[in-house]
Undergrad: 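Below are the structure tokens for one structure; questions will follow.
Proteins come first, then strands; the chains are lettered A, B, ... in the order of their sequence lines, and each starts at number 1.
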Amino acid sequence: MVASEERGDFPLNVDTKRDSAEMIKTKLRASENLLKECYAQFPNYSGIVKCLLENPMEKLLDICRLTVGIPLRPMLGKITQDLTQVFKKSEGKLLNCEYKYDGQRAQIHMDSNGVVTIFSRHLENMTEKFPDIVQVIPRICSDGVTSFIMDGEVVAINSDGQLQNFQKLSNRTRKNVELSKISVPVCVFAFDLMYLNGQSLLKLPLRNRRDLLHGNFVKVKGQFDFVAQIESSDPEEVHSFFKNSTEFGCEGIMVKVLDDPPSKTGNNQRTNLLASYEPDKRLESWLKVKKDYINGIGDSLDVVPIGAWHGNGRKARWWSPVLLAIYNPDAETFEGVCKCMSGFSDQFYAEMKLKYSKENGNISETKKPYYDVDDGIRPDVWFEPLEVWEIKGMAAVGNVDHEKGLSLRFPRFVRVREDKSVENATTSEQLAEMFFNQVNERKSEKNISIEGVLEDKNESDENDYASN
DNA sequence: GTCCCAAGAAGCC
DNA sequence: GTCCGACCAATTCGG
DNA sequence: CCGAATTGGTCGGACGGCTTCTTGGGAC
């Protein structure tokens with residue numbers, strides 16, 4: 001990757017004659033890391049290549065640096081199953097806990113000419129989709145703000161300014177959006193600031209970035225706000241904050257390291273408790289705590305596998321995905337509810353392939369009359385209804401096509417329910433109940449109305465997916 | 001040539 | 001978005 | 001004390017649901 005002739009003898013350059021194999025390896029690794037770091041904040045290969053052709057590699061980060069108008073790869077949160085492990089890892093340090101809103105990530109740039117660009121998590125340019133956000137940006141800047149890059153979550157709200165679910169946000173038009181015709185208003189909840197007035201803030205600890213964010217921007221009712229947050233090291237306090245977040249209609253919380261460790265010495269190199277903004281990384285310094293990760297309190301369903309497709313690539317030897325069904329005791333049918341391909345180990349795949357095989361007579365080409373599955377869903381094979389699996393996910397209901405009724409967001413396999421027979425699988429009534437429990441949980445929170453969710457419920461009722 | 005619909009692609013999570 | 005497995009490097013373990 | 005085994009972290013692949021947007025073919 002590193003051509004040596006042109007760039008002489010700068011340290012990263014490999015000298016194939018003089019360097020030991022070990023040294024070459026080290027240098028290549030260093031170059032690779034440098035390039036990665038560069039790409040994370042300046043994902044533009046033509047720019048990087050041009051820079052490398054004209055400059056020594058040491059200059060790379062100085063030249064291809066964080067730039068307004070060019071998106072950086074966002075820092076990501078690490079999944080955490082258990083709130084208590086958060087405190088073990090943080091060693092009593094103060095943590096910034098923030099609501100994790102159910103919306104869409106947005107990286108907002110404003111250059112020194114006031115030109116606003118909005119990027120998605122995968123660096124797509126979303127500016128066209130959010131003219132309302134573009135329009136409000138001048139009003140959020142305090143005096144003296146000339147340029148910035150900010151990280152936040154775009155969330156759908158209703159006319160009263162209350163949070164709507166993700167589905168609602170999906171209903172927004174994406175192309176040629178006219179300001180006057182926006183049907184789904186949104187609010188930006190900001191949580192980080194990576195660049196301000198010509199300066200990169202990436203290396204600053206979160207505490208400083210957060211304070212700069214709060215100090216240089218102002219709320220605009222219903223359009224721009226900061227994420228709800230507390231600073232704490234108290235497990236009780238954080239736990240109740242987490243609970244509040246889910247009752248408020250959020251997915252959970254983010255728990256972030258606020259300050260850099262006093263000294264690096266003695267610190268385990270594996271524990272990445274950095275308070276800086278690390279583009280494109282998923283470190284322990286940002287922990288994502290969601291209800292459905294946590295054992296016992298997420299939505300779980302007992303379903304029957306009723307069909308499957310031939311897998312691709314790495315899963316070419318197995319059945320993947322698998323079609324899963326809930327049970328309708330009145331009609332004595334199995335109703336397809338979702339496909340699932342996550343949570344299975346290779347060993348489980350192997351056993352599944354053996355069990356559902358021609359040899360064992362448990363598969364067939366034709367759909368059983370007591371399988372109630374949308375015509376559009378045509379598995380390669382149909383299974384005999386043999387067993388019950390526990391799966392996890394989030395009960396959700398679509399807005400557009402209510403005929404589809406309830407479904408499951410992020411379905412994944414948890415375990416086989418040896419103790420259950422197929423007639424004891426979750427029923428459609430129970431699934432509906434699960435969804436409404438989520439709704440009622442939010443409803444019970446005084447200050448928060450959940451008009452949007454209730455609307456969904458009513459509309460859905462009209463389509464009677466939950467009746468009889 | 002225009003309209004309509006279904007299937008597929010692309011984009012969020 | 002979730003999850004698994006492959007891979008790598010740092011850390012710990014055992015002789 | 002050093003090599004082997006273990007552990008923790010990163011990365012890539014395989015796909016989930018929902019939605020809007022695009023596209024291609026058939027009817028008229």
Side-chain angles (χ1 to χ4, degrees), chain A residues 25-26 29 32-33 36 40 73 76-79 81 85 89 100-106 118-126 128-130 153-156 165-177 183-184 186 250-252 267-273 278 280-285 288 290 292-293 298 301 303 308-324 336-350 374-378 391-414 456:
Chain A
K25 201 176 156 189
T26 307
R29 180 56 50 89
E32 187 187 333
N33 290 339
K36 262 188 206 161
R73 302 180 78 81
L76 304 163
K78 183 162 214 174
I79 289 176
Q81 321 284 348
Q85 88 190 48
K89 282 175 179 156
K100 186 179 190 313
Y101 296 79
D102 190 11
Q104 170 176 358
R105 188 93 178 247
I118 301 166
F119 296 99
S120 71
R121 179 166 127 66
H122 296 292
L123 315 188
E124 297 288 327
N125 191 326
M126 291 277 147
E128 187 191 2
K129 184 180 169 184
F130 296 111
E153 190 82 6
V154 176
V155 186
N165 57 18
F166 177 76
Q167 232 75 284
K168 207 82 181 176
L169 181 63
S170 310
N171 287 133
R172 263 183 82 112
T173 314
R174 296 171 193 158
K175 295 284 173 77
N176 306 313
V177 181
S183 56
V184 182
V186 295
C250 290
E251 296 183 292
N267 240 25
N268 190 328
Q269 285 195 13
R270 285 183 181 286
T271 54
N272 293 302
L273 295 179
E278 299 290 329
D280 204 27
K281 295 216 170 126
R282 203 184 276 283
L283 304 177
E284 309 238 275
S285 40
K288 180 164 60 166
K290 281 170 71 172
D292 73 310
Y293 303 148
L301 289 191
V303 295
W309 287 259
H310 297 290
N312 291 303
R314 218 187 70 76
K315 299 192 177 180
R317 299 158 61 196
W318 326 120
W319 294 126
S320 179
V322 183
L323 179 61
L324 303 173
V337 67
C338 69
K339 291 185 273 183
C340 182
M341 45 65 61
S342 204
F344 305 111
S345 66
D346 282 9
Q347 193 197 334
F348 191 84
Y349 275 123
D374 200 290
D375 281 341
I377 297 171
R378 295 185 207 99
I391 59 167
K392 260 199 166 189
M394 294 168 67
V397 61
N399 283 332
V400 164
D401 185 357
H402 288 290
E403 297 302 317
K404 283 182 189 164
L406 284 163
S407 68
L408 218 64
R409 200 145 62 124
F410 319 135
R412 67 264 194 196
F413 171 81
V414 177
D456 290 346

Undergrad: Suppose we screen for ring pair (Phe, Tyr, Trp, His ring centres under 6.0 Å). Which residues come up paired with A/Tyr101, at least two apart in sequence or across chains?
TA: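 A/Tyr101 satisfies ring pair (Phe, Tyr, Trp, His ring centres under 6.0 Å) with A/Phe189 once adjacent residues are dropped.
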Undergrad: Between B/dA6 and C/dG5, how far apart are the C1' atoms? Round to whole Å, please.
TA: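 About 38 Å, rounded to a whole number of Å.
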Undergrad: Counting only side-chain nitrogens and oxygens, does A/Ser407 get under 4.0 Å of the OP1 or OP2 atom of D/dC18?
TA: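 A/Ser407 to D/dC18 OP1/OP2: side-chain N or O found under 4.0 Å.
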Undergrad: Rounding to a whole Å, what distance do you find between A/Arg29:CZ and C/dA9:P?
TA: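 Computing the A/Arg29:CZ to C/dA9:P distance gives 4 Å.
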Undergrad: Can you find a side chain N or O atom of A/Lys281 that sits less than 4.0 Å from OP1 or OP2 on D/dG9?
TA: no
Undergrad: Please check the phosphate of D/dT10 (OP1 and OP2 only) for any side-chain N or O of A/Lys78 closer than 4.0 Å.
TA: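 True: A/Lys78 side-chain N/O within range (under 4.0 Å) of D/dT10 OP1/OP2.
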Undergrad: A/Arg105 CZ to C/dG1 P: how many Å, rounded?
TA: 8 Å
Undergrad: What's the closest nucleotide to the side chain of A/Phe166 if the choices are D/dC15, C/dG1, B/dC12?
TA: B/dC12
Undergrad: How about A/Val186 and A/Leu169: do any of their side-chain heavy atoms sit closer than 4.5 Å?
TA: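 The answer is yes, as the side chains (C-beta and beyond) meet within the 4.5 Å cut-off.
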Undergrad: About how many Å separate CE of A/Met126 and CD of A/Gln104, when rounded to the nearest 0.5 Å?
TA: 5.5 Å
Undergrad: Look at the side chain of A/Ser345 and decide which nucleotide, out of C/dC4, D/dT10, D/dA14, has an atom nearest to it.
TA: C/dC4
Undergrad: Mind calculating the distance between NZ (A/Lys315) and P (C/dG5) to the nearest angstrom?
TA: 9 Å
Undergrad: Look at A/Tyr293 and C/dC3 and indicate whether a side-chain polar atom (N or O) is within less than 4.0 Å of OP1 or OP2.
TA: no
Undergrad: Of the options C/dG1, D/dC18, D/dG16, whose atoms approach the side-chain atoms of A/Lys290 most closely?
TA: C/dG1
Undergrad: Answer yes or no: is there an ion pair linking A/Arg317 with A/Asp346, defined by an N-O contact shorter than 4.0 Å?
TA: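 Looking at A/Asp346 together with A/Arg317, the answer is no, because their closest N to O distance does not fall below 4.0 Å.
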Undergrad: Under 3.5 Å, side chain of A/Lys392 to main-chain N/O of A/Asp292, donor-acceptor pair present?
TA: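 Checked: pair present.
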Undergrad: Quick one: NZ on A/Lys78 to CZ on A/Arg282, what's the gap to the nearest 0.5 Å?
TA: 9.0 Å
Undergrad: Send over the distance from A/Ile377 CD1 to D/dC15 C1', rounded to a whole Å.
TA: 15 Å
Undergrad: Could you check whether any side-chain heavy atom of A/Phe166 comes within less than 4.5 Å of a side-chain heavy atom of A/Arg409, counting everything from C-beta outward?
TA: yes
Undergrad: Both A/Arg282 and A/Gln347 contact DNA chain C. Taking the nearest nucleotide for each, which residue is further toward the 5' end?
TA: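 Here A/Arg282 is the residue nearer the 5' end.
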Undergrad: For A/Gly393, which contact category applies under a 4.0 Å heavy-atom criterion: base, sugar-phosphate, or nothing?
TA: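 Since no nucleic acid heavy atom lies under 4.0 Å of A/Gly393, the category is nothing.
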Undergrad: So A/Lys288, base contact, sugar-phosphate only, or nothing? Heavy-atom distance under 4.0 Å.
TA: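 Counting heavy atoms under 4.0 Å across all strands, the contact made by A/Lys288 is with sugar-phosphate only.
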Undergrad: Rounded to the nearest Å, what distance is computed from the CZ atom of residue A/Arg412 to the C1' atom of nucleotide D/dG17?
TA: 13 Å
Undergrad: When you check every protein heavy atom under 4.0 Å of nucleotides 4-11 of chain B, what one-letter string (B, S, -) results, 5' to 3'?
TA: ------BB
Undergrad: Between P on C/dT2 and CD on A/Gln81, what's the gap in Å once rounded to a whole number?
TA: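 A/Gln81 atom CD is separated from C/dT2 atom P by 10 Å.
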Undergrad: Describe the nucleic acid contact of A/Lys100 in one word from base, sugar-phosphate, nothing, applying a heavy-atom distance below 4.0 Å.
TA: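 Answer is nothing: A/Lys100 stays at 4.0 Å or more from every strand.
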Undergrad: Which of these nucleotides, D/dG17, D/dA14, C/dT2, is closest to any side-chain atom of A/Met341?
TA: D/dA14
Undergrad: What does A/Gly376 touch in the nucleic acid at a heavy-atom separation under 4.0 angstrom: a base, only the sugar-phosphate, or nothing?
TA: nothing
Undergrad: Could you tell me whether a side-chain N or O of A/Lys339 sits under 3.5 Å from a main-chain N or O of A/Ile377, the two making a donor and an acceptor?
TA: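 Checked: no pair found.
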Undergrad: Please tell me which of A/Lys36 and A/Ser342 maps to the more 5' nucleotide of DNA chain D, matching each residue to the nucleotide holding its nearest heavy atom.
TA: A/Lys36
Undergrad: Has A/Arg172 got a side-chain N or O lying under 4.0 Å from the OP1 or OP2 atom of B/dC12?
TA: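 No, A/Arg172 has no side-chain N/O under 4.0 Å of OP1/OP2 on B/dC12.
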Undergrad: Would you indicate what A/Phe344 reaches in the nucleic acid, counting non-hydrogen atoms under 4.0 angstrom: base, sugar-phosphate, or nothing?
TA: sugar-phosphate
Undergrad: Should A/Lys339 be listed as having a side-chain N or O under 4.0 Å from OP1 or OP2 of D/dG16?
TA: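 Yes.
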Undergrad: Restricting to ring pair (Phe, Tyr, Trp, His ring centres under 6.0 Å), what partner residues turn up for A/His310, sequence neighbours left out?
TA: A/Trp319
Undergrad: From the set D/dT10, C/dC4, B/dC13, return the single nucleotide nearest to any side-chain atom of A/Asp346.
TA: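 Of all the options, the side chain of A/Asp346 is nearest to C/dC4.
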Undergrad: Rounded to the nearest angstrom, tell me the gap between atom CG in A/Leu323 and atom C1' in D/dG16.
TA: 12 Å
Undergrad: Please give, in whole Å, the distance from C/dG1 P to A/Lys392 NZ?
TA: 18 Å
Undergrad: For a quick test of reading the model: is some side-chain N or O of A/Asn312 closer than 4.0 Å to OP1 or OP2 of D/dG13?
TA: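 No.
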